[in-house]
Amino acid sequence: MIVEMKIIFFETGSLFACLFYLYNSLQIPVGRLSYPGPGFFPIILGVVGAIISMVLVVNSFSKQKKVGKNQKNASKGEEMEGSFGRILGCIIGLGFFAVTFEAIGSLAGIFIIVLVLSKICGLRGWLSPLLLGLGSSLFIYVVFALWFKIPLPAGLLNMLL
Amino acid sequence: MEMLIGLGQAFQDVLTPYGLFILVIGVFVGILGGALPGVSVTMTVALLAALTYTMDPLWAIIMLVAAQVGATYGGSISATVLNIPGTPSAVPTALEGYQLTKKGEGEIALGVNVFTCFMGNNMGLVLLLVTMPLFVKLAMLFGPWELFWFAMFGVIICANLSEGDTLKGFIAGAFGLLLGTVGLDPIDGYPRFSYGNTYLMDGIPLIPAMVGVYGLAEVFSSLTDVKVSGVSLRKTSLLAAARLWWKYRWLSVWTSILGYIIGVAPGIGANVSCWVGYDYAKRSSKEPEKFGKGSIEGLIGAESCNNANVPGAYAPVLALGVPGDAPTAVVLGILLLHGVQPGPTFLITNPWWLYKISAGIFLSGILFIIIGTYFGKALVRIFVSTPPPAMAAIVATLCVIGSYALSMRIYDVYLMFFFGVLGLLMRGLHFPAAPLILGLVLGDELVDVNFRRALLAGKGSIIPFFTRRVSMGIIVFILGVVLWQYLVPWFRSRKAKIGA
């Protein structure tokens, strides 16, 4: 039941997204059939997307009563909600890493994020997360920065040297 | 006879210490690049191209060919082991290979991959040598009408691939196409849906989107899956993998032929061919219910088509100077940099180029069997012996680094996050993610551009879409695929009823 409601929300969201896309497509020059402009194809796509979304929403509403008794789907939804804290922690940790990555630098940044994420994900003890952080940091630096010559940000290391 | 003499001479020339050194470097860097999330086949070839500027043009091309062959195989390693397809063409491999790894059959999946890649590569090579003149003529018949229909064929495959509700597959594919139109319009240069943002004007980059939908969403998903605590590993040998391949040899042969044909058609490439191969495998399978849950047939279909596509993509480069896909575009760039201009008369005056490149492709295949078998096995062993939380932390970090490494833009990382969350939602609500990515691949360059080019060329008439011979052939093929999907189960159930 929970999953079905979520599906309806998601499909309604996709319907609104298609309508928003269609509205924006109408602001782009459409051209004519012999010289189609940049908005020509997006309009067709927006209409098709909106129709499919609408059919999906109607289908889901009609199915809702039947699937309401489906306990298997409900338990999956509850299972997802149970680990919501972990996912949120992971998103916040990675988001913070992404924002500060260029300032901190790749070596220190990867070490910290792997350490933090492995704890959020449930790795026990401190020695394994520390070694994992160190190993990942060195591996990524050697392969990406030294071997493939990808200029990963030096950050703090640049300031120290 | 002339071809056999030419090939013999080419093998003699390439099988020198210097030639082998060039091939080993190319294949090893290729496998590593393909296996690393965020480093695509094109990126690997482009990065290695920087080393070839001062080399003899023929050796430079052989090294890049080896890297392309290695990276095409390498993409299947990360797809199978980590569920992160390094390239768009490895997405179907991730669908099946990762499920096998989760069941403890990662080594079997990698063994089948390496053997299938080798066989697909060689079948593509044989086809390149035998049928090249014919298929180049056919590719020349591909106008924007045919390319549009071919892309639409890809969209129909999207819906075919989705489990359960076909409409969910269609909406995911439509969303991919919508996202594909973001950025500067490739014909008029008009900014679409970018709202003045310079980052969005470049369009939605494929690699961060793919890394997000597959890599990050998998990390999030593994955090919700409380049952995953460790994976036991069933060991296998290359011989056992070869036996498995032999069981499905005809599937491999047919999908290799399809992959080669797609490779010859300019501008389509492995991103479409892998799905064609996967879809063919699913439709012809006696156990279609296994697809998406770890099907060996799915792996063989996708990888045979994918690898046979590589030799196919060299046909238009050598005969017409038109790249078959993005990596061969890099190769063509290097050829032009060295002052070599391929074209219709090029192979008549320089036939040894075809033979030496063919020798390079064949020997690269042998090398990736040797390197890939041990490298891939080592990777899968590390994966299964690493605790899942540690694996999740490493994969999440690789997703960030892989997205950033593409063009050193932090916005790529933010975009990867967006797609990661979207992928998680889609997974939780039973929407297939693969059509979204396929739509994003096909959206801008193939569907939109060719649709408008066709209307321009036809002076506004839609009639050529249906009346051109090759277009009609593709339409009949699309209808055949759709009807096959519904008619075969209908015939089977009817047969079962009559039998009962």
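Letters go in sequence order (proteins before strands), and every chain restarts at 1.
- Minimum interatomic distance between A:L33 and B:L455 (heavy atoms only, all atoms of both residues): O-CB, 3.6 Å.
- Contact detail for B:F417 and A:I91: the closest heavy-atom pair is CE2-O, 4.2 Å.
- Looking only at side-chain heavy atoms (C-beta outward), B:D188 and A:Y35 come within less than 4.5 Å of each other.
- Minimum interatomic distance between B:I410 and A:A98 (heavy atoms only, all atoms of both residues): CD1-O, 3.1 Å.
- Atom CD1 of A:I140 sits about 5.0 Å away from atom CD1 of B:I401, to the nearest 0.5 Å.
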- What's the verdict on side-chain contact (heavy atoms from CB on, under 4.5 Å) for A:S25 and B:F193, showing C-alpha distance, side-chain angles and the deciding distance? CA-CA 8 Å; A:S25 307; B:F193 314 105; 3.5 Å; yes

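- In this structure, B:V413 and A:F101 have side chains that are not in contact, with every pair of non-hydrogen atoms separated by 4.5 Å or more.
- Residues A:P38 and B:D185 come closest through the heavy atom pair CB-OD2, 3.4 Å.
- The side-chain heavy atoms of B:F431 and A:E11, taken from C-beta on, include a pair separated by under 4.5 Å.
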- Message: Set out, in order, the CA-CA distance, both residues' side-chain angles and the distance that settles side-chain hydrogen bond (donor to acceptor under 3.5 Å, both in side chains) for A:S106 and B:Y404, then state yes or no.
- Response: CA-CA 11 Å; A:S106 58; B:Y404 183 81; over 6 Å; no

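- At least one side-chain heavy atom of B:L178 sits under 4.5 Å from a side-chain heavy atom of A:C18.
- Heavy-atom contacts from other residues, nucleotides or ligands closer than 6.0 Å to CD1 of B:I462 number 12 or fewer.
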For residues 108-123 of chain A, tabulate all N or O donor-acceptor pairs below 3.5 Å that involve a side-chain atom, not counting sequence neighbours.
unit_1: A:S118; atom_1: OG; unit_2: A:V114; atom_2: O; d: 2.8
unit_1: A:S118; atom_1: OG; unit_2: A:L115; atom_2: O; d: 2.9
unit_1: A:K119; atom_1: NZ; unit_2: A:L123; atom_2: O; d: 3.2
unit_1: A:K119; atom_1: NZ; unit_2: A:G125; atom_2: O; d: 2.8

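- Proximity of B:M426 to A:F10: side-chain heavy atoms (C-beta onward) are separated by under 4.5 Å at one or more points.
- Interface check for chain B: of the options A:G93, A:P42, A:S136, A:G133, the most heavy-atom pairs under 4.5 Å are formed by A:P42.
- Panel note: side chain B:R192, backbone A:G39; no donor-acceptor pair is recorded below 3.5 Å.
- Sparse packing is recorded around OH of B:Y411, with 12 or fewer heavy atoms of other residues, nucleotides or ligands lying under 6.0 Å away.
- Residues A:F40 and B:D448 fail the side-chain proximity criterion, which asks for heavy atoms closer than 4.5 Å.
- Both the backbone and the side chain of A:L94 come within contact range of chain B, with heavy atoms under 4.5 Å apart.
- The two residues A:G49 and B:A174 come nearest to each other via the heavy atoms CA-CB, 4.5 Å.
- By the neighbour-count criterion of 12 heavy atoms within 6.0 Å, atom OH of B:Y195 is densely surrounded, having more than that number from other residues, nucleotides or ligands.
- When all heavy atoms are compared, the tightest approach of A:S14 to B:I171 is OG-CG1, 4.4 Å.
- For chain B, no part of A:F9 is nearby; none of its heavy atoms comes within less than 4.5 Å.
- Between A:I44 and B:F451 the shortest side-chain heavy-atom distance falls below 4.5 Å.
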